[in-house]
Amino acid sequence: MHRLARDLAELVGSEVSATSPQGRFPAEEVDGQRLTGVDAYGKHLLAGFARGVSVHVHLGMRGKWLRFAPVTGPGLRQVRLRLAVPGVAWDLIAPSTCELLDAAGRAKVVGGLGPDPLRADGDPDEAYRRVGAPRGSIAAALLDQSRIAGVGNVFRAEVLHGMRMPPTRPAHSLTVEEFAELWARLQAMMRQAVDDGRIITVDAEDRLVVPEAESRRVYKQGLCYDCGTPIVTGTIDGRTTYACPQCQPKWTS
DNA sequence: ACTGTATGACAAG
DNA sequence: TTGTCCTACAGTT
């Protein structure tokens, strides 16, 4: 989402045409207004317009933005929102959320999120307090957006593997030092992903040509990238976890 | 043509 | 914990 915010920033400062070919978004409310900024907070995108209204987008698991330059035609029927300037169009497809928000609504979205490792204002001490709350596993805590914002199932699996920490490790058992390393690893991993435009955690000569199926060390892998041990999958709070039993041995207090 | 699954989040039970 | 959103794709029939 931070990568998208960066790319969508090419529209900032312009009077943007907004349409909803699909008809499920009141595009006329912002059509023709100047886009003042595009910001990412965790997995949320907020596009601010001149009159103080923001478009709030969450992609969920299926949403995507498609960029057309030059513009080859009107948006397809399933396009929820098209933001366009002469020569460039961005089409939003299948988002889980696309809504108009006033300043209060915007504050509510941002206020409901924990610190974001990719933001300058993301406070690791606050994240440690929230993630280390005395209940549940570190795996569950990492996906809780109100504790730390932006981490999804891929980053969770990959960062815990990098930490040599099993998903079942109690969140409250992490030391300050361990959390500091976790935060630093997340920052590095997520910044790299913003750079790459995708999540690649394996070593690669040419990051452009890494096949999707081989781009991670444990997530959706059969064997551990580091040691070759068969990856073990499980479920925590309804989400699949991936871990290497060799690299991430069971934690014993 | 059909089935199963998914980088997410929420409400209902 | 399950169902839902109701898209996309890989794998199977």
Side-chain angles (χ1 to χ4, degrees), chain A residues 1-7 20-25 40-46 55-67 75-82 90-99 101 105-106 108-114 116-118 130-131 135-137 139-162 167-168 185-202 207 210-222 225 231 233-243:
Chain A
M1 193 55 63
H2 283 267
R3 171 56 180 263
L4 274 168
R6 194 174 88 184
D7 293 347
S20 179
Q22 180 201 46
R24 284 220 276 148
F25 179 76
Y41 293 85
K43 301 169 185 172
H44 299 254
L45 187 81
L46 289 163
V55 176
H56 170 221
V57 173
H58 194 297
L59 296 181
M61 285 194 292
R62 309 185 281 238
K64 26 178 82 120
W65 282 96
L66 304 175
R67 181 178 185 271
L76 297 177
R77 191 167 27 274
Q78 66 264 41
V79 172
R80 182 80 60 92
L81 170 64
R82 163 172 281 198
W90 283 86
D91 287 354
L92 174 63
I93 312 287
S96 64
T97 301
C98 178
E99 61 182 357
L101 251 35
R106 186 182 166 113
K108 193 170 181 180
V109 168
V110 175
L113 298 169
D116 177 347
L118 284 179
R130 297 195 186 192
V131 169
R135 184 168 292 276
S137 64
L142 287 174
L143 284 195
D144 183 343
Q145 302 298 300
S146 69
R147 301 214 235 177
I148 185 168
V151 179
N153 210 10
V154 179
F155 284 126
R156 166 171 87 167
E158 297 298 313
V159 80
L160 289 177
H161 178 256
T168 50
R185 282 180 177 274
L186 279 173
Q187 275 191 324
M189 211 175 257
M190 294 166 86
R191 281 175 182 156
Q192 179 70 58
V194 170
D195 243 28
D196 292 337
R198 49 190 289 225
I199 304 173
I200 301 171
T201 59
V202 297
R207 307 186 71 84
V210 179
E212 172 69 13
E214 299 160 24
S215 56
R216 288 108 198 206
R217 293 177 187 246
V218 288
Y219 179 81
K220 275 195 178 172
Q221 300 302 300
Y225 180 80
I231 296 303
T233 63
T235 301
I236 291 180
D237 285 355
R239 304 298 301 282
T240 308
T241 60
Y242 302 82

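Here is the naming used below: chain letters follow the sequence lines, and residue numbers restart at 1 for every chain.
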Exercise for review: Mind listing the closest non-hydrogen atom pair of A/Gly60 and A/Ser96 along with its distance?
Suggested key: N-OG, 3.4 Å

Check your understanding: Can you tell me how far P in C/dT13 sits from the matching atom in B/dT5, rounded to whole Å?
Key -> 13 Å

Review point. How close or far is atom C1' of C/dC5 from atom NE2 of A/His58, stated in whole angstroms?
Key: 13 Å

Review point. Taking all non-hydrogen atoms of both residues, which atom of A/Thr241 and which atom of A/Arg156 are closest, and how far apart?
Key: CG2-NH2, 3.4 Å

Check your understanding: Which of parallel (below 30°), tilted (30 to 60°) and perpendicular (above 60°) describes A/His56 and A/His44?
Key -> parallel

Practice item. Would you mind classifying the nucleic acid contact of A/Glu158 as base, sugar-phosphate or nothing, using non-hydrogen atoms under 4.0 angstrom? Key: nothing

Got a list of protein N/O to nucleotides 8-11 of chain C N/O distances below 3.5 Å?
none

Point to revise | Minimum heavy-atom distance between A/Leu143 and A/Gly152, given as atom pair plus value | key: CD2-C, 3.3 Å

Study note, to complete from the structure: In this structure, CZ of A/Arg80 is separated from CH2 of A/Trp65 (nearest 0.5 Å) by 11.0 Å

**Study point:** Note: A/Arg3-A/Asp7 ion pair, threshold 4.0 Å (strictly below)
**Key:** yes

Practice item. For A/Phe155, report the nucleic acid contact type (base, sugar-phosphate, nothing); a contact means any heavy atom under 4.0 Å. Key: nothing

Exercise for review: Test A/Asp116 against every option in A/Gln187, A/Lys43, A/Gln145, A/His2 by the side-chain hydrogen bond (donor to acceptor under 3.5 Å, both in side chains) rule and name the one that passes.
Suggested key: A/His2

Point to revise | Rounded distance (Å) that lies between atom P of C/dT1 and atom CD1 of A/Ile236 | key: 10 Å

Review point. Is A/Arg24 touching bases, backbone alone, or none of the nucleic acid, heavy atoms closer than 4.0 Å?
Key: sugar-phosphate

Review point. What interatomic distance, in whole Å, is found between P of B/dG13 and the corresponding atom of C/dC5?
Key: 14 Å

Review point. So which heavy atom on A/Pro117 is nearest to which on A/Ala149, and how close?
Key: CD-O, 3.3 Å

Study note, to complete from the structure: Residues at least two apart in sequence or cross-chain that pass side chain to side chain contact (heavy atoms under 4.5 Å, CB included) with A/Ile231, listed by chain then number, are A/Val218, A/Gln221, A/Cys224, A/Tyr242, A/Cys244

Review point. Could you give the start and end, 5' to 3', of the contact zone on DNA chain B for chain A, using atoms under 4.0 Å from its heavy atoms?
Key: B/dA6 to B/dA9

Practice item. Provide the distance between the two P atoms, one in B/dA1 and one in C/dC6, to the nearest whole Å. Key: 23 Å

Review point. Which part of the nucleic acid, if any, lies within reach of A/Gly238 when heavy atoms closer than 4.0 Å are counted: base, sugar-phosphate only, or nothing?
Key: nothing

